[in-house]
Protein chains: 2
Amino acid sequence: MKKEQTFSIGEFSAKTGISIRTLHYYDDLGLLKAERDPSSGHRLYTHEDLRKLQKIVSLKFLGYRLDQIADLIQTTHFDLGLKESLQMQQKALEAKKEQIETSIKAVKRAISLLEEERELDSHVLMSVIRNIQTEKEQRLWLEQYTSKEFVGQLYDKSEEEMIELDKNYIRLMREVKKLVGKPVDDPEVEKLIDDFLKVSSDFVGEQDLSDLESLPKDQAETLQKLIPSPLTDEEEAWLNKAMDHYMMAKGMLKPSQSDHQL
Amino acid sequence: MKKEQTFSIGEFSAKTGISIRTLHYYDDLGLLKAERDPSSGHRLYTHEDLRKLQKIVSLKFLGYRLDQIADLIQTTHFDLGLKESLQMQQKALEAKKEQIETSIKAVKRAISLLEEERELDSHVLMSVIRNIQTEKEQRLWLEQYTSKEFVGQLYDKSEEEMIELDKNYIRLMREVKKLVGKPVDDPEVEKLIDDFLKVSSDFVGEQDLSDLESLPKDQAETLQKLIPSPLTDEEEAWLNKAMDHYMMAKGMLKPSQSDHQL
DNA sequence: ATATCTCCTTACGTAACTAGAGGTGCAAGG
DNA sequence: CCTTGCACCTCTAGTTACGTAAGGAGATAT
């Protein structure tokens, strides 16, 4: 005759910090079935249940879903089989972590941009964010066609450089949106294109562009999908026209696919 | 007459990587309403919609919920008002990140324990995990009653020390589970308690225990809730008895609340 | 006798989709 | 002409891990 101390669901909930509703739920699922007081129908929890619940909570903490936990708590001894499973959990968790870290990076950059500019076009901000979001894909994609070093030089910049680039980018986009529609030979427009080219060359730094220029045209389209533009169709068309005109005027040939993407 | 190129939902989905279902869903929500071909009823997406979708995806990336996004995409210009909102996002994201990091830590430790031991009692492993999970609370709680330095010395150990401690812990628990029921004056039991005390003193290191011993008894209970034991009631009771006997025999007084918790 | 307390069950709400069933319109192949 | 297939449509239900609320029973306190 063990005196088997039991607890009501309320006591058990208070003891463990797990809500009554959750205990009901686990009971319904069969994950943690409590005995019943035959007269009242009230659930009775034992010390044994307490340990079982601790197991459940721990496994949940490791990232397992309840149905997986239902399987796992059957076994009283863990062996190397669990190791594999744990390694999968680890990978899943690390993926989540990385994705959150990228988001944090984007949020931070958005904040510092807002601090500098105090008001900006939503499309512009969005395109900056989307750029961060897709950076990894962009790199992987570019590495396919160029080299790892090239990509590294392109992307691995310091915090300040990044912000500087963002600011320039924003300024340029603002200008474009302001000047759109003006004749392509307007001096203001010419200055804009000048600026554009300067910022672009700052961006790529002192590296060799031949890698980039050897990209076939159809793949440049794929790249465009990865790097979103904050411009409307008209703005984009106008900018292309202005670019072409500038190139022609300066005798820099090739009035075809001018690429103004950063 | 703008030629307004439009896309079917399939094309749009392929272009953006967002599933057709999701596009339907966004349409139903009113988040991204597509025009309809009057004859077929098919959805028609424009370039405008593309940019809107990019905004949606970007905001989702920043951690906003769809209903919040529905509000946010109304405004075409962002200002300092958004900054606060972004800072909240940042905090939320960082909280998530921390929690994931703790989980990763737990998973890693579980893995390395499994590698060392190759098979172990599930309760023991769970209690190790739960210990990691509640470490923060334990620290906060202890800091209330002792000092920050004391707590720091207790918890801030190197990776190897941690694993070493875990291994000792596991060994002790295994021993307890093996010897449970033996008479308290059995030499094996005595050796176990010896071991227990040695490991405990290794754990607290060369620091002053007076801080810990001044904890009132009722609060020691609270601590027990935070630090789960992998032992069954019998095992626990037996261990307490053995402890008391050991203390008495060695003339170390106080046969009351022996505390074998790590 | 009534109010309060703890417990019970049933069932709907949440977030952001995914999956499936069942149906329409249109083009090409037999 | 009929069928097949494709791309699209709508509508319903399922997913995860609960939270919240409604309505009721039995025990205790005033």
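In the text below, chain A, chain B and the rest are named by the order of the sequence lines, each starting its count at 1.
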Gap between atoms [atom1] and [atom2], on [X] and [N] respectively (whole Å):
X	N	atom1	atom2	result
Asp37(B)	dT24(C)	CG	C1'	13 Å
Tyr64(A)	dT16(D)	OH	P	17 Å
Leu66(A)	dT16(D)	CG	P	9 Å
Leu29(B)	dC17(C)	CG	P	9 Å
Tyr25(A)	dT10(C)	OH	C1'	16 Å
Phe61(A)	dA17(D)	CZ	C1'	18 Å
Arg36(A)	dC7(C)	CZ	P	13 Å
Asp28(B)	dT18(C)	CG	P	13 Å

| Pick the nucleotide of DNA chain D nearest each of Ser40(A) and Ser19(A); which residue has the one closer to the 5' end? | Ser19(A)
| message | Can you see whether Ser85(A) engages Tyr64(A) through a side-chain donor-acceptor pair at a distance of less than 3.5 angstrom? | response | yes
| Side-chain heavy atoms of Gln99(B) within contact of Phe61(A), under 4.5 Å | yes
| said: Given dG19(D), dC17(C), dT16(D), identify the nucleotide with an atom nearest to the side chain of Thr22(A). | reply: dG19(D)
| message | Given dC8(D), dC7(C), dC18(D), identify the nucleotide with an atom nearest to the side chain of Ile20(A). | response | dC7(C)
Reckon [X] has a side-chain N or O less than 4.0 Å from the OP1 or OP2 of [N]?
X	N	answer
His24(A)	dC8(C)	yes
Arg21(B)	dC8(D)	no
Lys60(B)	dA15(C)	no
His42(A)	dT6(C)	no
Arg43(A)	dC7(C)	no

Under 6.0 Å from the [atom1] atom of [X], do we count more than 12 heavy atoms belonging to anything else shown?
X	atom1	result
Glu143(B)	CD	yes
Glu84(A)	CD	no
Glu159(B)	CD	no

| said: Please check this pair: side chain of Asp49(B) against backbone of Thr46(B), looking for a donor-acceptor N/O pair closer than 3.5 Å. | reply: yes
| So what does Ser39(B) touch, heavy atoms closer than 4.0 Å: a base, only the sugar-phosphate, or nothing? | nothing
| task | Please identify each residue that fulfils side chain to side chain contact (heavy atoms under 4.5 Å, CB included) with Tyr25(B), with sequence neighbours left out. | result | Leu29(B), Leu66(B)
| Stems in DNA chain D: runs of 3 or more consecutive Watson-Crick or G-U pairs, distances under 3.5 Å? | C:1-30 with D:1-30
| task | Name the orientation class of the two ring planes belonging to Phe7(B) and His47(B) (parallel below 30°, tilted from 30 to 60°, perpendicular beyond 60°). | result | perpendicular
| task | Could you pick out which residue, Gly10(A) or Asp67(B), lies toward the 5' side of DNA chain C when each is mapped onto its nearest nucleotide? | result | Gly10(A)
